[in-house]
J.: 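Just passing along the structure, written as structure tokens.
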Amino acid sequence: MIPAVRGTRDILPGETERWAFVEGTARRLFEQYGYFEIRTPIIEREELFAKGTGETTDIVQKEMYSFIDKGGERITLRPEATPSLVRAFVEHALEQSMAVPKLYTLGPMFRYERPQKGRYRQFHQLDVEVFGVKDPSVDGEVIDLAWALVRALGIEHVELAINSVGCPECRPAFTRALVEALGRDVEKLCGDCRRRAETNPLRIFDCKVPADQPIIDRLPHTVDYLCDACRVHFDAVRADLDVYGIPYHVSHRLVRGLDYYTRTTFEVLAGHLGAQNAVLGGGRYDGLVRQLGGPDRVGIGFAAGIERLVLALPAELPVAPPVPDAFVAALGDQARREALALLRDLRRAGLNAQFDYEGRTLKSQMKRADRLGAPLVLILGEDELARGQVTVKRMATSTQEPVPRHEAVALVARERAARRAAATR
RNA sequence: GUGGAUGUAGCUCAGGCUGGUAGAGCGCCGGACUGUGGCUCCGGAAGUCGCGGGUUCAAAUCCCGUCAUCCACCCCA
């Protein structure tokens, strides 16, 4: 046997129904909020992520699946969607053709990490981005959409954390204050933090090493160093969240691991997911479009992990595998031919009809019908054939009756309509 | 990349310490019911004991290596 590649997995029947529920719910919601679907390639030029996601991030430094193709091009399997959408936005001048460039996409992402529950090397994200809107009300809408998604999926025990990481105007002053406040304590921090103090001091807040915590707790907060514009923006976002009635808390340690974020950042965390408890995260990236060679346009968005959303789904969520409207059972070669014709007629009429290919005993055909959950079994044997009838057995009540062959399809259709009506009541 | 736990039938797991060549439940197939499911009873098929090497007369069991999964770190969705 040749097993699946480490960190990848098959999503099997029984699970795919939950995936379809998550994806379907998300699509409906995104479109309700005015987003349009876009699909971008899974492979991109390596430099898109080096410049976009950021050279100092762990993603770029050690987690990318990169290779050189036969033409000598440096190619990367996308580790996240945002840079690709920014590229597409710029490449196709989407701001010209769309009233408001509000885009969503979904699909596989790739990161070379040590696999764990809720963390795979090929994983899947739902992703939403809005371009060109500076007004803080779009931040509120995007966060509302994120929250609405989690709510629509019925996921419990979630919390929303938000923060503002400032902009190029106020970031330098904050970074200076941070390094100053750190002072000689830098020496006492873990290796990662000492490195971060040099490359990206903001990310020290991500540290979870217990010994570092007392020092980090004493550090200044981004929100206390925002410039006037960022301050006003953040206050407006918070006011909007109050209007929407979305509960949240400000986490001054929410700085996120991607370099491009400015101003608003947010995350949705779910309990009972173990260590990989971030189901959704995002924020504003006002310099990214320009950074990637586009016009000076702002942006904001979020990504949600489909695996994690599926994991966080309520256990009792009803999943409905496709159920046949009828099962056709045949006895003998003559009847078998007529059974195929009946199967054809049922299917031409748009009904879900199943059959036992191997022509086994009636008993085993009944058993199969039962396993498939068919409410009706249409039995065709020599007797029925001679009389131009089929025997219709209702599985739920174990009752059966002869029906003229030419009325069988209409009967199955009527029964299905009645079941549907009962189900929606 | 670091630390720990675990890999035995399709699934969930026993056996492993105290080596003697593999078991249960569920599922699957068949029979009791010569043309009728779900319950019951009876029978059957199915396993390179993750993989490779070593020790031994003999290894699922002991030793080494390796791969995978899970948990935590890390990172993030």
Side-chain angles (χ1 to χ4, degrees), chain A residues 1-9 12 14 22 53 57-63 78-82 106-128 146 149-150 190-193 196 203 206-210 254-258 265-270 273-283 301-312 327 329-332 335 356 358 360-385 391-400:
Chain A
M1 186 192 58
I2 301 165
V5 171
R6 179 165 158 90
T8 70
R9 62 186 210 111
L12 302 174
V22 168
T53 308
T57 61
D58 283 20
I59 292 174
V60 171
Q61 283 186 353
K62 47 193 190 193
E63 296 175 2
R78 63 182 183 192
E80 60 149 342
T82 306
L106 79 184
M109 308 291 157
F110 303 84
R111 293 182 200 171
Y112 191 86
E113 295 185 272
R114 182 109 169 223
Q116 202 178 313
K117 191 181 192 70
R119 185 171 79 186
Y120 300 96
R121 289 181 174 181
Q122 176 178 334
F123 61 105
H124 300 78
Q125 289 188 336
L126 299 162
D127 189 87
V128 158
L149 174 63
V150 170
C190 68
D192 280 341
C193 285
R196 287 167 178 153
R203 303 225 34 238
D206 261 349
C207 181
K208 285 157 199 146
V209 176
L254 177 54
V255 292
R256 317 227 3 106
L258 284 66
T265 58
F266 61 96
E267 264 180 14
V268 175
L269 304 171
L273 274 196
Q276 309 304 322
N277 64 345
V279 294
L280 179 158
F302 70 79
I306 301 181
E307 282 83 356
R308 294 182 188 178
L309 290 172
V310 169
L311 269 171
F327 187 94
L331 289 155
D356 186 283
E358 268 108 350
R360 298 179 303 164
T361 62
L362 181 60
K363 182 185 177 68
S364 60
Q365 294 188 61
M366 293 301 296
K367 206 165 182 170
R368 177 152 302 180
D370 186 51
R371 277 185 61 193
L372 288 170
L376 299 175
V377 178
L378 309 186
I379 303 167
L380 260 168
E382 304 301 331
D383 300 350
E384 287 84 355
L385 210 53
T391 296
V392 176
K393 171 154 184 174
R394 291 164 203 278
M395 297 297 271
T397 55
S398 274
T399 55
Q400 60 187 48

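Within every chain, numbering begins at 1; the chains are lettered A, B, ... in the order of the sequence lines, protein sequences first and strands thereafter.
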J.: Examine B/C76: is either OP1 or OP2 under 4.0 Å from a nitrogen or oxygen in the side chain of A/R308? Give yes or no.
T.: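 No, no such contact exists.
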
J.: Does any part of the side chain of A/V268, heavy atoms only, come nearer than 4.5 Å to the side chain of A/F302, both counted from C-beta?
T.: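 A side-chain contact under 4.5 Å is absent here.
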
J.: Compute both the distance and the angle, then confirm whether A/R121 meets the cation-pi test with A/Y112: under 6.0 Å from the six-membered ring centre, within 45 degrees of the axis.
T.: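 Yes, a cation-pi geometry holds between A/R121 and A/Y112.
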
J.: Quick one: are A/Q365 and A/I379 in side-chain contact, heavy atoms under 4.5 Å?
T.: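 Result no, sub-4.5 Å side-chain heavy-atom pair not found.
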
J.: Does A/G281 or A/E382 map to a spot on RNA chain B nearer the 5' end, using the closest nucleotide for each?
T.: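 Its nearest nucleotide lies further toward 5', so the answer is A/E382.
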
J.: Of all the choices, B/C70, B/C76, B/G30, which nucleotide is nearest to the side chain of A/S364 once you look at every atom?
T.: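 Shortest atom-to-atom distance from the side chain points to B/G30.
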
J.: Within the structure shown, what part of the strands sits under 4.0 Å from A/E384 by heavy-atom distance: base, sugar-phosphate, or nothing?
T.: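 Since a base atom lies under 4.0 Å of A/E384, the category is base.
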
J.: Starting at CG of A/L311 and ending at P of B/C71, how long is that distance when rounded to a whole Å?
T.: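 To the nearest whole Å, that distance equals 9 Å.
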
J.: Expressed as a whole number of angstroms, how long is the span from A/L362:CG to B/G31:P?
T.: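 Checked: the CG to P distance equals 12 Å.
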
J.: Under 4.0 Å, counting only non-hydrogen atoms across every strand here, what does A/K367 touch: a base, just sugar-phosphate, or nothing?
T.: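 Here A/K367 touches the backbone only, sparing every base.
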
J.: Mind checking if A/E267 touches a base, just sugar-phosphate, or nothing, with heavy atoms under 4.0 Å?
T.: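 Nothing: the residue A/E267, judged by heavy atoms under 4.0 Å, touches no strand.
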
J.: A/R308 side chain to A/A278 main-chain N or O, any donor-acceptor pair under 3.5 Å?
T.: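 Pair found, side chain donor or acceptor close to backbone of A/A278.
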
J.: Once you apply a heavy-atom cut-off of 4.0 Å, does A/D127 come out as touching a base, just sugar-phosphate, or nothing?
T.: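 A/D127: no heavy atom of the nucleic acid under 4.0 Å.
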
J.: Could you check whether the side chain of A/R114 and the base of B/G3 have a donor-acceptor pair of N or O atoms closer than 3.5 Å, going by distance alone?
T.: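 Yes, the side chain and the base share a sub-3.5 Å donor-acceptor pair.
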
J.: Using heavy atoms to find the nearest nucleotide of RNA chain B for A/V279 and A/A4 separately, return the residue whose nucleotide is more 5′.
T.: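 Counting from the 5' end, the first nearest nucleotide belongs to A/A4.
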
J.: Per the atom types in the model, does the base of B/C29 pair as donor or acceptor with the side chain of A/R360 at under 3.5 Å?
T.: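 Side chain to base: no pair below 3.5 Å.
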
J.: Between B/C33 and B/G25, how many Å separate the two P atoms, rounded to a whole number?
T.: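 Roughly 25 Å separates the two P atoms.
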
J.: Check for me whether A/R111 meets the cation-pi criterion with A/F123, that is, NZ or CZ under 6.0 Å from the six-membered ring centre and within 45 degrees of the ring axis.
T.: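 That pair does not qualify as a cation-pi contact.
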
J.: Rounded to whole Å, please give me the gap between NZ in A/K117 and P in B/U6.
T.: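 The answer, rounded to whole Å, is 18 Å.
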
J.: Just call it for A/G7: base, sugar-phosphate, or nothing, with non-hydrogen atoms closer than 4.0 Å on any strand.
T.: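 Touches sugar-phosphate only.
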
J.: Please answer whether the main-chain N or O of A/L106 pairs with a side-chain N or O of A/Q125 as donor and acceptor at a distance below 3.5 Å.
T.: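 No; zero donor-acceptor contacts below 3.5 Å.
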
J.: Considering every strand shown, what is the Watson-Crick or G-U wobble mate of B/A9 when both distances are under 3.5 Å?
T.: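 Its partner is none (no Watson-Crick or G-U wobble pair with both distances under 3.5 Å).
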
J.: Return the pairing partner of B/G1 with a 3.5 Å limit on both distances, Watson-Crick or G-U wobble; otherwise return none.
T.: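 In the structure as shown, B/G1 has B/C73 as its Watson-Crick or wobble partner.
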
J.: Which one is paired to B/U55, where only Watson-Crick or G-U wobble pairs with both distances under 3.5 angstrom count?
T.: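 B/U55 is paired with nothing.
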
J.: Applying a 3.5 Å limit to both distances, which nucleotide forms a Watson-Crick or G-U wobble pair with B/C28?
T.: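 Across all strands, the one nucleotide that pairs with B/C28 is B/G44.
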
J.: Tell me which nucleotide among B/G31, B/C76, B/C74 gets nearest to the side chain of A/Q116.
T.: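 Within the option list, the nearest is B/C74.
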
J.: Measuring only the P atom in each nucleotide, how far is B/C49 from B/U61? A whole number of Å is fine.
T.: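 These two P atoms come out 9 Å apart once rounded.
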
J.: Between the base of B/G35 and the side chain of A/Q365, is there any donor-acceptor pair under 3.5 Å?
T.: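 It does not, because no donor-acceptor pair links the side chain of A/Q365 to the base of B/G35 below 3.5 Å.
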
J.: Is it the case that B/U69 (base atoms only) and A/R6 (side chain only) share a donor and an acceptor within less than 3.5 Å, ignoring hydrogens and angles?
T.: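 No pair found.
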
J.: How many Å lie between CZ on A/R9 and C1' on B/C70, as a whole number?
T.: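 Atom CZ in A/R9 sits about 13 Å away from atom C1' in B/C70.
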
J.: What I want to check is whether an N or O donor and acceptor connect the side chain of A/K363 with the base of B/U36 at under 3.5 Å.
T.: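 Side chain to base: no pair below 3.5 Å.
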
J.: A/R119 side chain: which of B/G1, B/G30, B/U36 is closest?
T.: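 When the side chain of A/R119 is considered, B/G1 is the closest of B/G1, B/G30, B/U36.
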
J.: Which residues, if any, of residues 369-380 of chain A bring a heavy atom under 4.0 Å of RNA chain B?
T.: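 Here the set is A/D370, A/R371, A/I379.
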
J.: Taking any heavy-atom pair under 4.0 Å as a contact, classify A/L280: base, sugar-phosphate, or nothing.
T.: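 Here A/L280 touches the backbone only, sparing every base.
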
J.: Would you mind reading off the distance between A/R368 atom CZ and B/C28 atom P, rounded to a whole angstrom?
T.: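 Between P of B/C28 and CZ of A/R368: 11 Å.
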
J.: Do A/Q400 and B/U36 have a side chain to base donor-acceptor pair shorter than 3.5 Å?
T.: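 It does, because a donor-acceptor pair links the side chain of A/Q400 to the base of B/U36 below 3.5 Å.
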
J.: Counting Watson-Crick and G-U wobble pairs only, both distances under 3.5 Å, name the nucleotide matched with B/C49, or none.
T.: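 The answer is none; no pair meets the criterion.
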
J.: A/P108 versus A/Q122: any side-chain heavy-atom pair under 4.5 Å?
T.: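 Contact flag for A/P108/A/Q122 side chains = yes.
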
J.: Verify, without hydrogens or angle tests, whether A/E267 (side chain) and A/L254 (backbone) share a donor-acceptor contact under 3.5 angstrom.
T.: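 Here the side-chain-to-backbone pair does not exist.
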
J.: With sequence neighbours left out, which residue pairs that include part of residues 373-384 of chain A fulfil the salt bridge (charged side-chain N to carboxylate O under 4.0 Å, His left out) condition?
T.: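 For residues 373-384 of chain A: none.
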
J.: Given the P atoms of B/G1 and B/G10, what is the spacing between them in whole Å?
T.: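 One P to the other, the span is 32 Å.
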
